[in-house]
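In what follows, a structure is listed as structure tokens, so that the remarks can point back to it.
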Amino acid sequence: MVLLVASANGSVGMEAGWAILSSGGSALDAVEAATREVEDNPDDHSVGYDGYPNLLGTVELDASLMDGATRRAGTVGAVHGYRHPITIARAVLDRLPHVMVVGQGAERLASELGMQPEELLTEETRQVWRDGVDGRLEPNDSRRGLLDRISTLFTDPEHVAGTVNFLAIDGRGHIASAVSTSGWAWKYPGRLGDSPVIGAGNYCDDRYGAAACTGWGELAIRGVTAHSVVGGLAHGLGLEASAERAIADLSGLDVPGGEPIMQLVAIDRAGHHVGLSTHPGNTYVAWESGQSTFTTLPRRVVSLSG
Ligand code: ASP
């Protein structure tokens, strides 16, 4: 049995991931390859190339990768100028005695890997940022005073659908998980979300299963949400109960200037999968052995209000 599960915007990477899994490749290689396709997709403004930028108009990327066999992980945060943070994260996992590398260190690593730096913002997305942020700053606070302005500017145009998650089980029963994002549009420079934080936006363990999140990263960090799902499995709860409990555990947490949004995909080691969302109308995708292509499935709604 092999399995590949993703957030809906991962559809563009499913073929690449499945090609690896179905020919006997590893779950880790599959989730990295699948994620790279999404990072290349200029139509996805929440991941990689042409992602929405931070408050200052710079695209700033976060990504993580975890290997459920060894529970080794590699993550990068606040990376500028490289469209494939997932591959930099893979190098952290494979080649460094560390888990997290951020900013200039991650960019240095990318350059040592031979990756080419490039401008990640297109003219079209720069214009969205100008309309949403730059044009609304007073002349005096365009490069300072951002602290006082961030709450009124903090409206992410794609806040329900951002970030990509991939979870995979390979033919040897090993599990891997990957997450990549440009984070919340117009975020404060240097802000890290849940995507590069192991346990928050991404977690997997061959013994139990895996989970990954999209939505308000600050909530998933405070709730350690991905680990919370896998912890439920470890304690004998079923997959759906573990996932529902992890989201319900966020009830009552405040979200300054916004409404709480959380989504997750999760799998158990037997290959069951589930997608949850705090909001209706959202989907995820899954491809299992025996299917000729992936299917799009509804996410079950778990409300955080009331
Ligand atoms: N979770 C991501 C972050 O907080 C954003 C998202 O999923 O839309 O950076």
Side-chain angles (χ1 to χ4, degrees), residues 5-10 13 35 38-39 41 43-48 50-55 58-66 75-80 85-86 89 100 102-103 106 120 125 128 132 150-151 154-167 177-203 211-229 246-247 250 253-266 275-279 281-285 299 304:
V5 169
S7 50
N9 58 340
T35 302
V38 188
E39 291 173 339
N41 181 8
D43 298 328
D44 191 325
H45 298 302
S46 68
V47 181
D50 208 17
Y52 284 131
N54 67 14
L55 263 181
T58 303
V59 179
E60 206 166 78
L61 304 175
D62 301 338
S64 65
L65 199 76
M66 187 160 184
T75 92
V76 294
V79 179
H80 296 177
I86 200 68
M100 302 183 81
V102 300
L120 299 179
T125 310
V128 178
I150 187 164
S151 57
F154 198 59
T155 48
D156 187 329
E158 290 191 16
H159 63 301
V160 182
T163 304
V164 71
N165 302 152
F166 282 100
L167 310 176
S177 51
V179 179
S180 185
T181 190
S182 49
W184 279 71
W186 331 148
K187 63 192 172 186
Y188 198 89
R191 174 265 189 188
L192 297 181
D194 57 324
S195 306
V197 179
I198 292 300
N202 183 358
Y203 197 75
C213 304
T214 61
W216 271 96
E218 283 73 5
L219 277 185
I221 292 171
R222 290 158 71 194
V224 202
T225 303
H227 186 270
S228 179
V229 177
I247 290 202
L250 303 174
L253 297 187
D254 61 310
V255 180
E259 80 175 301
I261 294 165
M262 185 51 54
Q263 302 199 120
L264 61 82
V265 287
L276 298 183
S277 175
T278 51
H279 289 66
N282 293 297
T283 57
Y284 73 105
V285 292
R299 288 181 190 253
L304 281 183

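Values in this document were obtained by computation on a predicted structure and should not be read as measured data. We count ligands from 1, going down the list as the structure has it; atoms in each ligand are counted the same way.
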Identity of the nearest option to atom 2 (C) of ligand 1, non-hydrogen atoms only, from Asn165, Thr214, Thr163, Ile261: Thr163
Quick one: does Leu120's side chain get under 4.5 Å of Asp50's, heavy atoms only? no
Sub-4.0 Å heavy-atom approach of Gly201 to ligand 1: no
Polar-atom distance check: Gly217 versus ligand 1, any N or O pair below 3.5 Å? yes
Does the N or O separation between Arg191 and ligand 1 drop below 3.5 Å for any pair? yes
Checking the N or O distance criterion of under 3.5 Å, is ligand 1 in contact with Trp216? no
Please say whether Gly215 places an N or O atom under 3.5 Å from an N or O atom belonging to ligand 1. yes
Do Cys213 and Gln263 touch side chain to side chain, with heavy atoms closer than 4.5 Å? no
Just which atoms of ligand 1 are under 4.0 Å from any heavy atom in Asp194? 1 (N), 2 (C), 3 (C), 4 (O)
Side chains of Thr181 and Thr163, donor plus acceptor under 3.5 Å: yes
Flag side-chain contact, heavy atom, 4.5 Å: Tyr188 against Asn54: no
Below 4.5 Å, heavy atoms only, C-beta onward: do Val265 and Arg299 meet side chain to side chain? yes
Would the distance check show the side chain of Ser182 and the main-chain N or O of Gly51 forming a donor-acceptor pair, the cut-off being under 3.5 Å? no
Sub-4.0 Å heavy-atom contact, Gln263 with ligand 1: no
Value rounded to 0.5 Å, distance of OH in Tyr203 from CG in Leu167: 14.0 Å
Which of the numbered atoms in ligand 1 are below 4.0 angstrom from a heavy atom of Trp184? 3 (C), 4 (O), 5 (C), 9 (O)
